[in-house]
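Take a look at the following structure, please.
Sequence lines set the chain letters: A, B, ... in the order given, protein chains first and strands last, and positions in each chain run from 1. The model shown is predicted, which means the values in this text are computed figures rather than measured ones.
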Amino acid sequence: MKSVDPDSVRQHAAIRRVIASIPPGRVTSYGEIATRAGWPGRARLVGRVLGEAPAELALPWHRVLRADGRSAFAPGSRGFREQVRRLAGEGVLVCNARVDLALHGWERNLDALLWGPAPSPRKKAATAAPRKTRTAR
DNA sequence: AACCTGACGTTGG
DNA sequence: CCCAACGCCAGGT
């Protein structure tokens with residue numbers, strides 16, 4: 001049998017716990033989860049844990065996005081569509097394959113709201129800026 | 001034991 | 001905006 005590292009078990013448990021505590025209608029990143037779980041920099045591990053987590057746990061995986069607000073799944077893929085669908089059901093809209101973290105981010109959006117958008121500082125108000133829908137790369 | 005590959009992130013060109 | 005280079009962890013070849 002394979003010896004299981006007890007420390008590793010705690011990591012996974014902590015990570016799952018953090019994911020399970022993401023409030024509906026809010027999203028966060030892999031890195032943020034890793035940090036909250038006590039292991040900053042282990043974003044990759046979060047992805048693995050999420051992928052191996054049994055469905056019975058019913059973790060809100062759809063509320064986990066990349067640091068830039070895009071889904072970890074390829075646009076158009078099965079997972080991508082399902083994630084977008086679930087998020088939409090919670091009032092989180094995905095525009096241009098991306099979620100506005102400054103708006104739906106799980107805490108940490110205060111300074112962003114006060115200092116202005118952090119990621120893509122939309123030059124001017126999006127007064128109907130058609131922003132080409134970037135035909136799938 | 002190298003080498004590759006991911007539900008990742010940051011920095012620098 | 002795209003790409004490359006690292007840093008990171010665990011598994012598979």
Side-chain angles (χ1 to χ4, degrees):
Chain A
M1 46 209 268
K2 53 188 343 191
S3 52
V4 181
D5 194 357
D7 202 45
S8 167
V9 174
R10 299 196 318 129
Q11 274 191 329
H12 288 224
I15 290 173
R16 282 190 294 260
R17 201 147 48 71
V18 173
I19 295 174
S21 65
I22 305 173
R26 317 229 60 164
V27 298
T28 190
S29 69
Y30 293 85
E32 177 67 15
I33 291 172
T35 298
R36 289 200 182 216
W39 284 276
R42 277 48 176 186
R44 219 150 192 165
L45 183 59
V46 174
R48 176 172 293 283
V49 171
L50 206 44
E52 295 179 347
E56 291 73 57
L57 294 181
L59 292 178
W61 59 271
H62 57 287
R63 298 180 193 139
V64 185
L65 302 165
R66 284 187 184 161
D68 61 3
R70 291 191 302 171
S71 168
F73 296 103
S77 66
R78 193 66 196 294
F80 178 85
R81 291 196 304 269
E82 178 63 15
Q83 183 163 38
V84 172
R85 202 169 67 72
R86 291 195 181 205
L87 286 175
E90 298 183 355
V92 178
L93 298 182
V94 182
C95 299
N96 208 6
R98 179 175 310 183
V99 170
D100 187 341
L101 291 182
L103 192 60
H104 302 97
W106 182 30
E107 313 248 313
R108 164 153 325 223
N109 37 350
L110 187 53
D111 35 333
L113 288 174
L114 295 177
W115 283 87
S120 52
R122 195 125 303 163
K123 220 123 226 205
K124 288 199 64 201
T127 44
R131 193 73 289 210
K132 190 135 220 220
T133 319
R134 192 162 210 308
T135 39
R137 234 235 105 184

Q. When rounded to the nearest Å, what value does the distance between P atoms of dC4(B) and dA4(C) take?
A.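 Nearest-Å result for dC4(B) against dA4(C) at atom P: 15 Å.
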
Quick one: does Gln83(A)'s side chain have a donor or acceptor within less than 3.5 Å of a partner on Val64(A)'s backbone?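 Yes, Gln83(A) side chain to Val64(A) backbone: donor-acceptor pair under 3.5 Å.
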
Item to complete: Considering only atom C1', compute the distance from dA7(B) to dT13(C) and round it to an integer number of Å.
Response: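 Taking atom C1' in both dA7(B) and dT13(C), they lie 22 Å apart.
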
Between protein and nucleotides 5-7 of chain B, what N or O pairs are separated by less than 3.5 Å?
| from | atom 1 | to | atom 2 | distance (Å) |
| --- | --- | --- | --- | --- |
| dG6(B) | N7 | Arg44(A) | NH2 | 2.9 |
| dG6(B) | N2 | Arg48(A) | NH2 | 3.2 |
| dA7(B) | N3 | Tyr30(A) | OH | 3.1 |

Find out if a path of hydrophobic residues (ILVMFWY) with successive side-chain heavy-atom gaps under 4.5 Å connects Leu93(A) to Val27(A).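 Different hydrophobic clusters.
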
message = Check this for me: does any side-chain nitrogen of one of Glu90(A) and Arg86(A) sit under 4.0 Å from a carboxylate oxygen of the other?
response = no

After noting the C-alpha distance and the side-chain angles of His12(A) and Leu45(A), does the key distance pass the side-chain contact (heavy atoms from CB on, under 4.5 Å) rule? CA-CA 8 Å; His12(A) 288 224; Leu45(A) 183 59; 4.1 Å; yes

Whole-Å distance, Asp68(A) CG to dT10(B) P, equals 9 Å

For DNA chain B, the dot-bracket notation using Watson-Crick and G-U wobble pairs below 3.5 Å, [ ] for pseudoknot-type crossings and | for other-strand pairs, is .|||||.||||||

* To do: Give one of base, sugar-phosphate or nothing for Ser71(A), where a contact means two heavy atoms less than 4.0 Å apart.
  => nothing

dG9(B) P sits how many Å from Ile33(A) CD1, rounded?
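Taking CD1 of Ile33(A) and P of dG9(B), I get 9 Å after rounding.
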
Quiz item: When the C1' atoms of dC8(C) and dG6(B) are considered, how many whole Å apart are they?
Solution: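 Those two atoms are separated by 12 Å.
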
- Query: Are the charged groups of Arg78(A) and Glu82(A) less than 4.0 angstrom apart, N to O?
  - Reply: no

By the definition side chain to side chain contact (heavy atoms under 4.5 Å, CB included), identify the one residue from Leu101(A), Asp100(A), Val99(A) that meets it with Leu103(A).
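In the set Leu101(A), Asp100(A), Val99(A), the residue that makes a side chain to side chain contact (heavy atoms under 4.5 Å, CB included) with Leu103(A) is Asp100(A).
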
Sidechain N-carboxylate O distance under 4.0 Å for Arg70(A), Asp68(A): yes

Q) With no hydrogens and no angle check, is any side-chain donor or acceptor of Arg42(A) less than 3.5 Å from a backbone partner on Pro40(A)? A) yes

